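Since the structure is predicted, the reported quantities are computational estimates derived from the model, not experimental observations.
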Amino acid sequence: MSTFTANLIFSVLFLVFGAALGLLGNGDKFRRKVSVELNPGLTHPWVLPPGVNLVHVQGLGLNDTLHFLLCNHGAPALLMVHTNSTQSSVQVDWPSFIKSSSPRSLKVEPQSSVLYSSALVFTRVWEYDDVNNTADPQQTAESSFYPPYELQNFIWSDLNKTGDQSNHTLQLCGGENTESFVNGSLCLQFSAFESVGRDQPWPSLHHNANSSQLHVWLKGVTPRGNHSRFALEFQSVGDSGFEGRVDVYSSIDDEYTPSIFKVSQWVSSPVNSTGVWGYNQWKPVAYRKADPVFEDATPCKHSQLVSMTHIPQSRLVQAYFTNDTQTYGLNISFGIEKDPAFYSDTKYISWTVLVGLGDPPADSFSTLIIIIITVGLGTPLVIIIVGGVFVWLRKKRSQSSGYEPIN
Amino acid sequence: MADRREYEGLLDDEEDDDEGVSPHLSPLCDPTHLLHRILVLVFMCFLGFGSYFCYDNPAALQTQVIQDMGLNTASFMQLYAWYSWPNVVLCFLGGFLLDRVFGIRLGTIIFSLFVLLGQIIFAAGALANHFWLMNLGRFVFGIGGESLAVAQNTYAVNWFKGKELNLVFGLQLSMARVGSTVNMNVIGWVYGRIEAMLGSTGHTTLGITLMIAASTCLFSLICALILGFLDRRAEKILKKEQGKTGEVIKLTDVKDFPVSLWLIFIVCVAYYVAIFPFIGLGQVFFIEKFAFTTVQARAINSIVYIISAPASPLLGFVVDRIGRNVLWVMLAVITTLLSHMMLAFTFWNPWIAMCLLGLSYSLLACALWPMVAFVVPEHQLGTAYGFMQSIQNLGLALMSMAAGSILDLKGYLFLEVFFIACLCLALLAVVLLYLYNSYKEGELNLSASERTSRMKPEDAQRLRVPQPSVEDHDHLKPLSPFGLRIRYLSRLGVQMPDHRSSLAYRSVLR
């Protein structure tokens, strides 16, 4: 009896595990073949200014291609172009791209294959003196703001390419030629992905083959006030006919980003439609240390989305988009009301955003959690069923023997 | 023989009344008069107020402690772990120290001093910005805290033997809950006032707040001194003995514990580690996940205590009337599991989950703790309860630290899943207990009427007739199991019903 019980328990556990693993297995298996190319087609004698690069990341799918272009000529920008062809390529008219900002000096050919394009431009870093400790630039008097750092004027050091077969990572750092940036810099780390996964460091956003990640940090910059806080200004440029909005979702899953239960999504969808074509997704958290622990997390908030009249001063965006564009701007600010820590305490703040195509990826429970819950709930259930039957049988047997005829 | 002492207590009172020792005393000063005993009761209730108030200071000031001392959650939870460590041992020793070493009066004063000293060290640690000193403070505080509860109950038995005893236990228990609740809702406000006065937050602000909290411990110490004085005065006037806990601890009994008792231990540890560390970390959880304000978060975090004050006696009565303790425990574990799952996997209004948690916590205490008396013989009861509390404290100490680390590394969802896993273990143990009990046809899950019918008639007869005392040194003998159990139950948030139930006698019969 006991071996039978044990067998039954094991087989049920096996089934439960199998089901749990099966449930996990049907996740997003979609892969892209990612290749990275620096300054495609650039030949002597044409040279880009020092520290300036045009990076082309091509993600080849089964019947489409996702192009990411990152360029720090002017304000750093990340352009995403989706085509329905596996043969599409990026064509740069280098002389006009370097010299002037003439439209169409950068094209994705064939142009008819382009389904969707949008760009995220990192335009300014705001600094303000948060005397009242509200950590909200929108409630801060204009006089408390210092002149912003314009990223189009930054001087960039050489591009740093790291990563392996499945993880393509590029890093560029720069700063203004002022005292503030003597020991400090603003850095951007760009990652492209071949398949689903998460980066190890927090906020460990859930990425897939249709997304890329931008990790921004401000390190060692000398603050101009005792209560300095920073905010980042971003602009997104897309084809007219699309409109942007920012949605904030609640998520019960904070396993990968402890204590953060919200996800913000800046999505772009066609006018009069709810379908999402492209997104910038982030969790409202920033970290005060490069290697953060739980206490180094600080909330961040975003301003309202503002429609802009001009496209930003980024050579890449100016070269790709024609006049028919729609531009939105948004600020990301760090800290929370009455936050005792200011930038000067750690001289570090970092923030991460996912830029991608289609619907933003959603969080799901980790394998470990599913296993714990199934085993935890399954075991008592199995034992009560098996044991209940066992006890019932025993009782029945003893009862039936009790009623046997005496003779 | 179980009730003999209590019976004699009543007889003593009657004799005293007959003698009319002190006709010249006013009722308030007359130890035999009800009015005087009510006065004593007031001091008795406030005796524990300080320690209950200060126990949950860290939980009520979680964000402030973490910020001002520059801690992470794991080290913050050490404040709770350090409270539990001394009690792993003291659960066995507390009763012995009171009976044989200090005596109830001196013992109470000493333990109150420990509580006060512990809280002062704790506050000094904050003032001096030394976290290790704060931990030391919690350790000293822990030495005093749990033993003080033992002393409090011993006083109650000594002064209120007879029919007022349950009411007195109930009042003491409610005072404990009042202390916790007042702390949860007030100490944050105090911190805010100090902050406004000093103009900034910081370890000094925290230290001053905790020093102010220490005044409740000083108040309790004064109560202990007055109680000691009144008790000695009563002893002189009435020529009665000092109260005894009557606890007998024999560690060698552990090897004779039956399987059911071990299963009860598992339920106890696995259940309570999913409650107390959760409350310790709860405040920030409600702020971060459910966007509560600090005031709301404090209120919801104290709701478990608030509910348990009225629910414990009510549920205790119901459980006692119906019997079937194992099923009640199972129900309590399942509802707790449900409420933790609500908190983990939904954004439903957490008030629902927390009220459910409060109810099931009270139900579990009412149904679980009395079960020990069914499975161990009377002479092992002290050891069994001591052991149960000891491993409960061990579990709490370890799990407090584990919970802090899990939160730091994996976040609240995983922490909740961890608590759910603990509850699943408790559920597993209850299920096994149920099956084992059915298999052995034990009496854990009998209904109350079945229990009564199982009592042998001669036993029932014996219970009604008090047996004459054989020994002269009556006070050295253990307290009746009923009284003994009542002491443990009241320490843990259970109130025994007023009537003498078959349940209470059951242990006597074995």
Please classify the contact of [X] with chain B as side chain, backbone, both or neither, using a heavy-atom distance under 4.5 Å.
{"X": "A/Leu377", "answer": "both"}
{"X": "A/Ile384", "answer": "both"}
{"X": "A/Leu368", "answer": "side chain"}
{"X": "A/Val293", "answer": "neither"}

Using distance alone, with no hydrogens and no angle check, list the donor-acceptor pairs under 3.5 Å between chain A and chain B.
{"unit_1": "A/Asp254", "atom_1": "OD1", "unit_2": "B/Tyr412", "atom_2": "N", "d": "3.2"}
{"unit_1": "A/Asp254", "atom_1": "OD1", "unit_2": "B/Leu413", "atom_2": "N", "d": "2.7"}
{"unit_1": "A/Asp254", "atom_1": "OD2", "unit_2": "B/Tyr412", "atom_2": "N", "d": "2.7"}
{"unit_1": "A/Glu255", "atom_1": "OE2", "unit_2": "B/Lys410", "atom_2": "NZ", "d": "3.4"}
{"unit_1": "A/Ser259", "atom_1": "OG", "unit_2": "B/Glu288", "atom_2": "OE1", "d": "3.1"}
{"unit_1": "A/Glu295", "atom_1": "OE2", "unit_2": "B/Thr73", "atom_2": "N", "d": "3.2"}
{"unit_1": "A/Arg394", "atom_1": "NH2", "unit_2": "B/Tyr439", "atom_2": "O", "d": "3.4"}

Check each atom of [X] against the heavy atoms of chain A and say whether the ones under 4.5 Å are side chain, backbone, both or neither.
{"X": "B/Leu423", "answer": "neither"}
{"X": "B/Leu425", "answer": "neither"}
{"X": "B/Ala291", "answer": "neither"}
{"X": "B/Leu432", "answer": "side chain"}
{"X": "B/Val417", "answer": "both"}

Contacts of A/Asp247 that satisfy salt bridge (charged side-chain N to carboxylate O under 4.0 Å, His left out) - sequence neighbours left out: A/Arg245
Return the option, out of B/Ile420, B/Leu337, B/Leu409, B/Leu415, with the maximum number of heavy-atom pairs under 4.5 Å with chain A.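 Heavy-atom pair counts peak at B/Leu409.
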Please work out which of the three classes, parallel, tilted or perpendicular, describes the rings of B/Phe419 and B/Phe278, given edges at 30° and 60°. perpendicular
For B/Phe345 and A/Phe365: C-alpha separation, side-chain torsions, deciding distance, then whether ring-ring contact (aromatic ring centres under 6.0 Å, His included) applies. CA-CA 10 Å; B/Phe345 300 127; A/Phe365 291 137; 5.5 Å; yes
Give the intermediate values and the outcome of ring-ring contact (aromatic ring centres under 6.0 Å, His included) for residues A/Trp217 and A/Trp351. CA-CA 6 Å; A/Trp217 67 96; A/Trp351 180 76; over 10 Å; no
